[in-house]
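First comes the structure, then the notes that go with it.
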Amino acid sequence: MYECPCGYAYDPETGDPDNGFPAGTAFEDLPEDWVCPVCGLSKSVFTAMD
């Protein structure tokens, strides 16, 4: 899982289906222009969670 500074956590098991990325989409497979669906920050500010 990867977390945005706003607190949103991207879970590859869930994906981001509202934005066209189905369950099973790895964080690394999201395009570089993908942004946090909650706050709009870029993928580059996300950090890996334990």
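Computed over heavy atoms, backbone and side chain alike; hydrogens, waters and symmetry mates excluded.
Closest approach of Ala23 and Glu13 over heavy atoms only: CB-O, 3.1 Å.
Both Leu41 and Phe46 belong to a single network of hydrophobic side chains, linked directly or stepwise wherever heavy atoms of I, L, V, M, F, W or Y lie under 4.5 Å apart. Both Val45 and Tyr8 sit in one connected hydrophobic cluster of ILVMFWY residues. Membership requires side-chain heavy atoms under 4.5 Å apart, directly or through other members.
A search for side chain to side chain donor-acceptor pair (under 3.5 Å) contacts involving Ser42 returns Ser44, not counting sequence neighbours.
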Indicate every side-chain donor-acceptor pair of residues 25-40 with a distance under 3.5 Å to a residue at least two apart or in another chain.
from  : atom 1 : to    : atom 2 : distance (Å)
Thr25 : OG1    : Pro22 : O      : 2.7
Glu28 : OE2    : Tyr2  : OH     : 2.7
Trp34 : NE1    : Asp16 : OD2    : 3.0

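With values rounded to the nearest 0.5 angstrom, Glu3 atom CD is found 6.0 Å from Thr47 atom OG1.
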